[in-house]
Amino acid sequence: MNIFTRRQVLRSAAVVAAAGGVGSLGAGAAADMAAAAGTGAFRHGVASGDPWADSVLLWTRVTPSPDALPGSGMGPDVTVGWEIAADAGFRNVVARGKATAGPARDHTVKVIAGRLAPRQDYWYRFTWGQSVSPVGRTRTAPAIGSPVDRLKFGVVSCANWQAGYFSSYRHLARRGDLDAVLHLGDYLYEYGVGEYQARDTVVRPHEPAHEMTQLEHYRRRHAQYKSDADLQALHAAAPFIVTWDDHESANDAWKGGAENHTQGIEGAWTDRAAAAQQAYAEWMPVRYEQGGQIYRRLDFGSLASLSMLDLRSYRDQQAVNGTDGAVQDPARTITGAAQMDWLLGNLTSSGPQWKLVGNPVMIAPVRVPSTLSTAELAGVQKLMGGTNISGIPYNVDQWDGYEADRSRVVAHLRDNAVKDAVFLTGDIHSGWACDIPADPATYPATGDSVATELVCTSVTSDNLDDILGVPPRTGSLAVEGAIKAANPHVKYLDFDSHGYSVLEVTPAGVRMDWYVLAERTSAGSGSTLSTTFNVHANTGKVTPAQGGPS
């Protein structure tokens with residue numbers, strides 16, 4: 001999702017040079033070491049991902065020669081060593097091995113460290129010759145079915161390099177209490193310099209300078225994002241659990257194309273999608289290889305399961321607008337048949353208590369009232385990517401544009417009396433806390449809520465105040481109030497802030513804290529707690545929290 005379609009993009013004549021480094025990260029050995037990784041053989045840092053109870057994936061990228069630059073296809077095959085230890089000093093190494101890194105995989109390394117103990121902190125590093133990587137910290141999941149009193153996850157999405165600095169990642173890295181970080185999509189953006197930035201000001205220019213459409217481009221853009229000290233710090237501080245949305249390939253992607261792809265001029269969509277997926281498989285710490293499936297489930301003891309969705313690879317093309325009959329067509333899908341069956345199975349599992357769903361685009365229905373001013377309506381339409389927002393589904397790229405699939409999920413939750421289902425969502429550059437009604441027409445008078453949805457805001461990508469050109473928390477307030485009045489299941493809405501969220505899961509409830517940055521275009525931006533909402537066990541409803549942040 002993007003606030004501009006391909007043909008609405010305003011190209012900036014002035015490109016602002018990237019600012020200098022963000023300085024010392026200050027807290028945590030892993031974060032400090034990652035911050036110093038800008039040069040040398042392991043200049044793109046280290047990462048871990050997809051923690052299981054007995055294993056975790058480890059990642060790095062080695063630069064063995066001056067010509068072995070990302071996307072170059074140059075440089076020799078080399079052997080990289082890895083080891084993982086139960087202590088930060090590596091006195092108790094529990095596993096080690098070797099892997100080959102070469103131009104076929106852009107000199108990236110992905111290995112599975114196995115035979116690990118459940119819910120245990122580990123430290124890992126890589127070596128090549130005399131070069132030693134930064135040290136990363138990771139954590140395995142609790143044993144299947146074991147009692148768990150608490151989990152904490154960082155929750156982020158929509159990090160546009162050109163729109164600001166990744167201070168959100170720095171703040172999460174400094175916490176030291178996260179079991180994992182959930183990245184819900186738009187880890188990077190495909191646009192060229194001047195095509196999409198911060199209120200039409202390029203804070204840091206993309207590399208390559210043009211839109212990425214080929215494997216070399218995607219590899220180079222991934223490398224640029226992983227050169228960021230704050231992102232390296234967070235990867236080194238906690239394992240990531242990721243899925244893609246659209247900008248990892250192209251805006252508003254679907255299985256046969258994308259809004260931001262011109263067939264013929266930019267090549268075949270199948271080739272572009274394959275290139276994006278290959279680079280993602282190489283550069284991301286995820287148990288996914290090109291040609292496989294990225295939707296997957298992770299379990300955390302008896303407390304929570306996490307189903308990470310892929311809502312781009314199998315979806316039918318978006319409807320033309322909200323009045324298009326395709327919105328209601330039962331033959332159209334956002335998930336694909338196999339993934340839908342898999343998801344519904346996870347939502348009726350007798351396993352862990354909380355059924356968390358990593359959901360790249362919003363599932364709660366939203367209607368935008370026509371009482372808003374012309375400017376406000378245009379601003380919301382740009383933010384949400386919609387084509388018609390007069391009391392009908394406005395965002396045909398969300399579940400709103402695939403009513404039959406959403407109805408299947410809602411009916412399944414209602415008919416099977418599923419409790420404690422929580423959708424965790426990104427994409428929309430705003431913060432939301434919503435009930436998911438069994439029937440929006442009767443909610444809340446006689447209707448029930450079958451699940452809840454918690455939406456994190458963007459790390460840097462533009463939101464409504466940026467589109468309207470007004471100071472934060474001014475012109476957007478009336479719009480938020482009107483949308484909440486038209487959608488009583490929406491309990492919280494922040495159209496303006498950039499930042500991150502922290503999710504705490506206990507047997508008694510799920511809690512989301514929204515933290516907002518003071519200024520996304522400042523490399524050293526601070527953050528403050530904005531609001532907190534709870535989902536109490538067995539209620540299926542969001543409520544404002546009492547007390548301090550988690």
Side-chain angles (χ1 to χ4, degrees), residues 1-19 70-71 156-166 183-228 231 244-254 257-263 265-267 269 271-280 283-284 312 318 360-361 381-385 397 426-429 457-464 466-467 498 520-521:
M1 191 279 300
N2 190 1
I3 63 167
F4 298 112
T5 68
R6 182 175 179 80
R7 292 164 184 81
Q8 290 172 322
V9 168
L10 301 177
R11 297 181 179 270
S12 174
V15 176
V16 180
V156 289
S157 83
C158 303
N160 179 10
W161 177 279
Q162 297 197 140
Y165 294 93
F166 296 161
H183 204 299
L184 298 170
D186 296 342
Y187 181 95
L188 49 77
Y189 281 73
E190 80 272 26
Y191 297 109
V193 173
E195 293 181 346
Y196 182 45
Q197 48 277 327
R199 297 195 182 200
D200 206 35
T201 297
V202 176
V203 179
R204 302 188 289 178
H206 266 150
E207 201 292 313
H210 51 76
E211 183 179 324
M212 54 182 186
T213 60
Q214 301 173 16
L215 179 58
E216 174 193 351
H217 308 156
Y218 286 101
R219 285 170 163 175
R220 288 166 62 185
R221 191 66 56 81
H222 273 280
Q224 181 184 41
Y225 276 60
K226 281 198 171 63
S227 72
D228 183 88
L231 179 53
W244 56 48
D245 191 25
D246 51 346
H247 290 291
E248 287 87 353
S249 55
N251 183 54
D252 284 357
W254 58 286
E259 178 276 327
N260 193 19
H261 179 77
T262 305
Q263 195 80 4
I265 296 176
E266 293 176 319
W269 171 251
D271 294 340
R272 183 175 182 177
Q277 291 167 7
Q278 180 176 337
Y280 193 93
W283 279 87
M284 296 297 289
R312 295 294 166 184
Q318 293 87 347
V361 298
Q381 185 169 343
K382 281 187 176 181
L383 178 64
M384 306 305 181
D397 190 56
D427 174 70
I428 207 165
H429 305 183
T457 189
S458 67
V459 172
T460 60
S461 298
D462 272 5
N463 39 33
L464 188 58
D466 303 312
I467 297 169
H498 307 279
R520 61 174 167 155
T521 61

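Since this is a predicted model, take the numbers as computed values, not measurements.
With sequence neighbours excluded, the residues forming a ring pair (Phe, Tyr, Trp, His ring centres under 6.0 Å) with H183 are Y187, listed by chain and number. Remark: T460 pairs with no residue by the side-chain hydrogen bond (donor to acceptor under 3.5 Å, both in side chains) rule, at least two apart or across chains. Residues meeting the side-chain hydrogen bond (donor to acceptor under 3.5 Å, both in side chains) test with E190, sequence neighbours left out: H247, N260. With sequence neighbours excluded, the residues that form a side-chain hydrogen bond (donor to acceptor under 3.5 Å, both in side chains) with S461 are Y189. Evaluation of the side chain to side chain contact (heavy atoms under 4.5 Å, CB included) rule for T521 yields A198, V203, E519 as partners, not counting sequence neighbours. For the ring pair (Phe, Tyr, Trp, His ring centres under 6.0 Å) test, residues two or more places apart in sequence or in another chain that qualify with Y280 are W244. For W269, the ring pair (Phe, Tyr, Trp, His ring centres under 6.0 Å) test picks out H261, with sequence neighbours left out. For R520, the salt bridge (Lys or Arg N to Asp or Glu O under 4.0 Å) test picks out D462, D466, with sequence neighbours left out. Scanning for side chain to side chain contact (heavy atoms under 4.5 Å, CB included) contacts around A279 gives L215, Y218, R219, H222, with sequence neighbours left out. For E207, the side-chain hydrogen bond (donor to acceptor under 3.5 Å, both in side chains) test picks out R220, with sequence neighbours left out.
Heavy atoms only, all atoms of each residue included: Q162 and V193 are closest at OE1-CA, 3.2 Å. Looking at every heavy atom in both residues, G426 comes nearest to S157 through CA-OG, 3.3 Å. When every heavy atom of A253 is checked against every heavy atom of Q318, the shortest pair comes out as O-NE2, 3.7 Å. Of all non-hydrogen atoms in L383 and N463, the two that sit nearest each other are CD1-CA, 3.7 Å. Closest heavy-atom contact between V202 and G194: CG2-N, 3.8 Å.
Put simply, CE on M384 and CG on L464 are 7.5 Å apart, with the number rounded to the nearest 0.5 Å. In this structure, CG in D186 is found 8.5 Å from CG in N251, a value given to the nearest 0.5 Å. To the nearest 0.5 angstrom, L188 atom CG is 4.5 Å from M212 atom CE. Taken to the nearest 0.5 Å, the CE atom of M284 stands 7.5 Å off from the CD atom of E248. For the atom pair CG (D427) and OG (S458), the distance works out to 10.5 Å, reported to the nearest 0.5 Å.
In this structure a side-chain-to-backbone donor-acceptor pair under 3.5 Å is present from R204 to G164.
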Apply side-chain contact (heavy atoms from CB on, under 4.5 Å) to the pair N160 and Y191, showing each step before the final yes or no. CA-CA 10 Å; N160 179 10; Y191 297 109; 6.0 Å; no
Apply ring-ring contact (aromatic ring centres under 6.0 Å, His included) to the pair H206 and Y225, showing each step before the final yes or no. CA-CA 9 Å; H206 266 150; Y225 276 60; 5.7 Å; yes
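Looking only at side-chain heavy atoms (C-beta outward), V361 and D245 come within less than 4.5 Å of each other. With contacts defined as side-chain heavy-atom distances shorter than 4.5 Å, the pair R221/W283 does not qualify. For the pair E259/D397, no side-chain contact is recorded, criterion being any heavy-atom separation below 4.5 Å from C-beta on.
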